[in-house]
Number of protein chains: 2
Amino acid sequence: MADLKSGVNPLFLREEDLRQGMELLFCGWRDFAGEPDPLLARRQLGRAHHRAVYFIGRHPGITVGELLSILKITKQSLGRVLTQLVTDGLVVQLPGARDRRQRCLKLTATGEALERELTETQRQRLARAYRTAGAEAVEGFRQVLLGLVDERDRNRLAGAPAPQAPQRR
Amino acid sequence: MADLKSGVNPLFLREEDLRQGMELLFCGWRDFAGEPDPLLARRQLGRAHHRAVYFIGRHPGITVGELLSILKITKQSLGRVLTQLVTDGLVVQLPGARDRRQRCLKLTATGEALERELTETQRQRLARAYRTAGAEAVEGFRQVLLGLVDERDRNRLAGAPAPQAPQRR
DNA sequence: ACTTTAGGTCAGCCATCGTGACCTACCCTG
DNA sequence: CAGGGTAGGTCACGATGGCTGACCTAAAGT
């Protein structure tokens with residue numbers, strides 16, 4: 001298995017470095033994503049709800065289809081979560097102006113409050129990590145992660161972190 | 001650096017930057033973790049099995065307890081996975097030399113082959129991201145992720161990526 | 001007008017992870 | 001050796017969150 005270490009290839013491509021990166025990614029995500037779990041449990045919600053609320057908050061007016069392509073889950077899975085969020089009064093669905101088939105999603109005031117509360121713990125964790133690592137490290141962090149995501153999503157993530165839903169409206 | 005002039009304000013701790021980081025983390029993990037799913041499905045395994053196989057491969061002789069503390073799941077959940085891996089002939093359990101209550105876990109030859117196959121796709125993805133971003137970015141990537149994980153796990157991840165099982169916590 | 005397609009829903013299945021209780025086997029200390 | 005603590009396993013059961021398949025409605029294409 002000791003195949004790569006012989007090479008004079010760039011240091012950061014060694015087997016061991018890649019392994020370490022994978023593990024960091026696993027643990028980083030594990031602890032980051034798990035942070036709001038207690039808060040969610042208190043409201044009978046799960047991570048799926050958090051993800052939906054987060055992206056709706058970030059892209060007010062986003063359609064279900066757009067949300068699906070971000071979350072990469074099926075309509076049905078999202079539908080369940082969305083139904084609960086609507087009946088709980090955290091999200092509203094408005095028929096699209098341009099295309100009335102669409103349901104444009106927005107957070108209610110309550111939904112926004114929840115989103116802020118949930119994300120706050122994560123924001124703090126990330127901010128701490130950013131502060132400790134420094135601005136240059138943050139830039140590297142971004143670049144590597146950007147290279148990790150599928151081509152399709154790079155545009156949305158890379159340049160303009162659009163605060164509202166992209167192109168269509 | 002490639003810092004966009006959009007942010008005129010001093011720090012990189014702006015709301016927007018943090019949000020972008022969260023989204024990158026989500027998408028990066030989503031695509032990275034999902035990569036081996038087709039391979040797993042073909043063998044009737046799930047991500048849970050991959051995680052177990054990965055960490056056993058990385059820390060041969062790791063005990064069940066240590067594995068639990070890495071994965072942060074319950075005994076029961078891990079037990080199910082482990083039982084299947086053992087009956088499938090991918091993992092063996094050996095009584096600990098020092099403490100015979102322990103079951104030290106190791107991959108069989110078949111298990112190692114599977115591990116390599118599963119991780120290979122991810123390795124390639126990560127290597128590509130590393131190559132594109134450059135060595136400096138990789139260092140930043142590591143630092144930020146390290147700051148993201150809980151205190152407890154930093155030691156294992158930070159300095160020496162210990163090839164054998166680390167000391168107990 | 002009729003078909004196609006995008007967006008969305010309903011019903012039901014399955015894998016994973018969780019909790020709580022309880023068990024064996026083993027280690028350590030008095 | 002007794003007794004308590006620890007490592008690991010097990011059983012029953014429930015919740016979550018994915019999935020497929022069938023189906024609906026509204027718009028678009030021809």
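In what follows, chains are A, B, ... by sequence order, proteins preceding strands, each numbered from 1. Note that these values count all heavy atoms, side chains included, but never hydrogens, waters or copies made by symmetry. Everything numeric here is computed off the predicted structure, so don't read it as measured data.
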Undergrad: Looking at every non-hydrogen atom in both residues, tell me the closest pair between A/F32 and A/R125 and how far apart they are.
TA: CA-CD, 4.1 Å

Undergrad: Would you kindly give the CG-to-C1' distance between A/L40 and C/dC17, to the nearest whole Å?
TA: 16 Å

Undergrad: How long is the straight-line distance from CG of B/L78 back to CD1 of B/I70, given to the nearest 0.5 Å?
TA: 10.5 Å

Undergrad: Verify whether one side chain among B/E16 and B/Q20 offers a donor that lies under 3.5 Å from an acceptor in the other.
TA: no

Undergrad: To the closest 0.5 Å, what do you measure between CG (B/L45) and CG (B/L118)?
TA: 7.5 Å

Undergrad: Without decimals, in angstroms, what is the distance between A/H50 NE2 and D/dT16 P?
TA: 17 Å

Undergrad: How would you label the contact of A/G79 with the nucleic acid (heavy atoms, under 4.0 Å): base, sugar-phosphate, or nothing?
TA: nothing

Undergrad: Grab the CG-P distance between A/L67 and C/dG8 for me, whole Å please.
TA: 10 Å

Undergrad: Just how far, in rounded Å, is P of D/dA7 from CG of B/L82?
TA: 16 Å

Undergrad: Whole Å only: how far is the CG atom of B/L94 from the P atom of D/dA7?
TA: 19 Å

Undergrad: Measure the distance from CD on B/Q84 to C1' on C/dC17 and round it to the nearest whole Å.
TA: 15 Å

Undergrad: What is the distance from atom CZ of B/R19 to atom OG1 of A/T119, rounded to the nearest 0.5 Å?
TA: 5.0 Å

Undergrad: If the sugar-phosphate is the primed atoms plus P, OP1 and OP2 and the base is the rest, what is the B/S/- string for nucleotides 18-30 of chain C, using protein heavy atoms under 4.0 Å?
TA: BBBB---BBS---

Undergrad: Per the side chain to side chain donor-acceptor pair (under 3.5 Å) rule, what does the pair list look like for residues 81-90 of chain A, sequence neighbours excluded?
TA: A/H49-A/Q84

Undergrad: Ignoring the backbone of A/R103, work out which of D/dG9, C/dG8, D/dA7 is nearest its side chain.
TA: C/dG8

Undergrad: Angle between the two end axes of the helix from C/dA1-D/dT30 to C/dG30-D/dC1, five base pairs per end, rounded to 10 degrees?
TA: 30°

Undergrad: Find the distance between NZ (A/K75) and CZ (A/R80) and round it off to the nearest 0.5 Å.
TA: 14.5 Å

Undergrad: Ring centroids only, cut at 6.0 angstrom: are B/Y54 and A/F26 within range, meaning strictly under it?
TA: no

Undergrad: To the closest 0.5 Å, what do you measure between CD (B/Q124) and CG (A/L18)?
TA: 10.5 Å

Undergrad: At under 4.0 Å between heavy atoms, what does B/Q93 touch on the DNA or RNA strands: base, sugar-phosphate, or nothing?
TA: sugar-phosphate

Undergrad: At less than 4.0 Å, is any side-chain N or O atom of A/R51 found next to OP1 or OP2 of D/dG18? Yes or no.
TA: yes

Undergrad: Whole angstroms only, please: what is the CD-C1' distance between A/E66 and C/dG7?
TA: 12 Å

Undergrad: Please state how far atom CZ in B/R47 lies from atom P in D/dG17, giving the value in whole angstrom units.
TA: 14 Å

